[in-house]
2 protein chains.
Amino acid sequence: MNNFTNILREHNLKATPQRIAMLEYIDYYGHINIDKLYHNVQKKFKSISLATIYKNINSMVENMLLFEVKLPNEKSVYEITKQNHSHLLCEKCGDIIDIDINIEDKTKEISLKNNFEVKQVNLVFSGLCKNCS
Amino acid sequence: MNNFTNILREHNLKATPQRIAMLEYIDYYGHINIDKLYHNVQKKFKSISLATIYKNINSMVENMLLFEVKLPNEKSVYEITKQNHSHLLCEKCGDIIDIDINIEDKTKEISLKNNFEVKQVNLVFSGLCKNCS
DNA sequence: CTCTGTGCAAAGCGTTTGCAAACGA
DNA sequence: TCGTTTGCAAACGCTTTGCACAGAG
C-alpha cells in the first residue's frame, strides 16, 4: 500500500492503478498538462482512455487533491495541492518553477482595503528564465 | 473620429464599427467574457458573427490592445490593456474588481533570487466580496 | 484601388457524456 | 456484493478556418 493510495483514500477516491500512475507522473514532473500526462500514463497502461484521464483530473481537482494552474498563452498544468506558493513561467522554454513567496502582507492589505475575504491567491510571473535570457 | 478609432489605428488595426462597438462594451464593463460581449454587440449589429468576435479579440490581444485575464473556475475575461494591476474575483457572484497593488519589491526579490527576468505579473485573489461574505 | 475585415458554413479540437463491462473495498 | 471506475464511441461546445463579398484607408 503505497503513499498515493493513502492520499487518494484521504480524498475519498478509490485507489485504482490508473489514478496512482497519474499521481506518480504529476509528482515526478511537479506540473504537467493533460496531453503530457496522457502520453506518460500510456506507457504503463496502453489502453487507458483520455476520458479516464479527464474524469480523474476533474474528480481530484474537485476533491482538492490536485490544483489547476492557469498560465498565460499555455495550457493549464496540474500539480498536487501544496502550501501557498507561486510560479515562474518562462515564455521561451515553457519551464515552470515553483517559488515560495510571502505575500501575506499584501493579502491582508487587500482584504482590509476592499472588505474582501481572500481565500486563494493565484500568482504567476512570466518572463525569461536564466537559461533563456 | 472617436477615441477608439485612434486606439485601434495606433495598434495597426482598421477601425471598423464592429471593433469600435466591441471596445465600447469592454470599456463599459471593464472586463467581459466572449459570450457576454457577443450578446451585447449583437444589440447594435444584429448580424455580427461570433467568428468576427473571435478574430477581433485575437488580433487585439496579439497587438496588445486587449489583455486576457485567466480566472480560476471561470471563463477568461478581456480588458483594455492598462498599467499593472491585479484582480479580485468573487467566487460567489463572479464580480471582478480591479485593484492597484504594488508588488515591485516582491518582483525584484524574485528576479534576483531566481535569476529570472520578469516581464509580466498575473495576480488574482479569489474569495468573497463584501456583499457575499 | 488594394488590402483587410465581415459573415456564413463547415471543420477542428479539446472535453464531456452514456453505457456495458471490470474492478475496488 | 455494491457502488465506483474504466474504456469506448458518440456527442458537445468553443474556437478556428476558408471563402465570397463588403468596407476601410
Side-chain angles (χ1 to χ4, degrees), chain A residues 1-25 32-63 65-66 68-78, chain B residues 1-25 32-63 65-66 68-78:
Chain A
M1 169 126 75
N2 66 45
N3 193 23
F4 294 123
T5 301
N6 289 326
I7 295 176
L8 283 161
R9 292 191 184 148
E10 281 162 18
H11 289 84
N12 304 309
L13 294 167
K14 289 194 177 179
T16 67
Q18 290 90 336
R19 285 176 178 167
I20 292 166
M22 286 174 65
L23 289 174
E24 281 168 354
Y25 285 111
I32 197 167
N33 67 31
I34 298 280
D35 278 1
K36 197 171 166 189
L37 179 60
Y38 176 52
H39 290 114
N40 274 282
V41 176
Q42 266 188 328
K43 291 179 202 161
K44 208 161 174 178
F45 294 92
K46 286 174 218 99
S47 66
I48 197 171
S49 159
L50 241 189
T52 300
I53 300 279
Y54 277 107
K55 286 173 191 166
N56 286 339
I57 286 281
N58 289 341
S59 51
M60 293 189 215
V61 169
E62 275 160 30
N63 291 279
L65 197 170
L66 295 184
E68 178 181 0
V69 186
K70 290 194 176 185
L71 302 168
N73 311 311
E74 301 273 342
K75 290 183 191 164
S76 288
V77 294
Y78 297 86
Chain B
M1 166 126 73
N2 68 43
N3 193 23
F4 295 123
T5 301
N6 290 324
I7 295 176
L8 282 161
R9 292 190 185 151
E10 282 162 17
H11 289 83
N12 305 307
L13 294 167
K14 290 193 178 180
T16 66
Q18 290 90 337
R19 285 177 178 167
I20 292 167
M22 286 174 65
L23 289 174
E24 282 168 354
Y25 286 111
I32 196 167
N33 67 30
I34 298 280
D35 277 1
K36 196 171 167 189
L37 179 59
Y38 175 52
H39 290 113
N40 275 282
V41 177
Q42 267 189 327
K43 292 180 201 159
K44 209 162 174 178
F45 294 92
K46 284 173 221 102
S47 67
I48 196 171
S49 159
L50 240 190
T52 299
I53 300 280
Y54 276 107
K55 286 173 190 165
N56 286 339
I57 286 280
N58 289 340
S59 50
M60 293 189 214
V61 169
E62 275 160 30
N63 291 278
L65 198 170
L66 294 183
E68 178 182 359
V69 186
K70 290 193 177 185
L71 302 168
N73 310 313
E74 302 273 342
K75 289 183 191 166
S76 288
V77 294
Y78 297 86

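Residue numbers begin at 1 in each chain, while the letters A, B, ... track the order of the sequences. Bear in mind that the values here come from a model prediction, so they are computed numbers and not experimental data.
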Side chain of [X] only, please: which of [options] is the nearest?
{"X": "Gln18(B)", "options": "dG5(C), dT5(D), dG7(C)", "result": "dG7(C)"}
{"X": "Pro17(A)", "options": "dA24(D), dG24(C), dG7(C)", "result": "dG24(C)"}
{"X": "Asn58(A)", "options": "dT16(C), dT6(D), dG24(C)", "result": "dT16(C)"}
{"X": "Leu13(A)", "options": "dT6(D), dG25(D), dT5(D)", "result": "dT5(D)"}
{"X": "Ala51(A)", "options": "dA9(D), dA24(D), dC8(C)", "result": "dA9(D)"}
{"X": "Lys55(B)", "options": "dG7(C), dG5(C), dT17(C)", "result": "dG7(C)"}

Atom-to-atom span, [atom1] of [X] to [atom2] of [N] - whole angstrom:
{"X": "Tyr38(B)", "N": "dG13(D)", "atom1": "OH", "atom2": "P", "value": "15 Å"}
{"X": "Ile20(A)", "N": "dC23(C)", "atom1": "CD1", "atom2": "C1'", "value": "13 Å"}
{"X": "Ile53(B)", "N": "dG5(C)", "atom1": "CD1", "atom2": "P", "value": "15 Å"}
{"X": "Ile48(B)", "N": "dG23(D)", "atom1": "CD1", "atom2": "P", "value": "14 Å"}
{"X": "Lys46(A)", "N": "dT6(D)", "atom1": "NZ", "atom2": "C1'", "value": "17 Å"}
{"X": "Asn56(A)", "N": "dT4(D)", "atom1": "CG", "atom2": "P", "value": "14 Å"}
{"X": "Arg9(B)", "N": "dG25(D)", "atom1": "CZ", "atom2": "C1'", "value": "8 Å"}

Check: What nucleic acid atoms does Ser47(B) come within less than 4.0 Å of, heavy atoms only: base, sugar-phosphate, or nothing?
Finding: sugar-phosphate
Note to self: So Thr16(A), base contact, sugar-phosphate only, or nothing? Heavy-atom distance under 4.0 Å.
What the structure shows: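 The residue Thr16(A) makes sugar-phosphate contact but no base contact.
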Check: If each of Ile34(B) and Ala15(B) is mapped to the nucleotide of DNA chain D with the nearest heavy atom, which maps nearer the 5' terminus, i.e. the 5' end?
Finding: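 Result of the comparison: Ile34(B).
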Note to self: Quick one, Leu13(A) and Met60(A) - any side-chain contact, counting heavy atoms below 4.5 Å?
What the structure shows: yes
Notebook entry, point to check: Any luck finding a side-chain donor-acceptor pair between Asn40(B) and Lys43(B) under 3.5 Å?
Noted result: yes
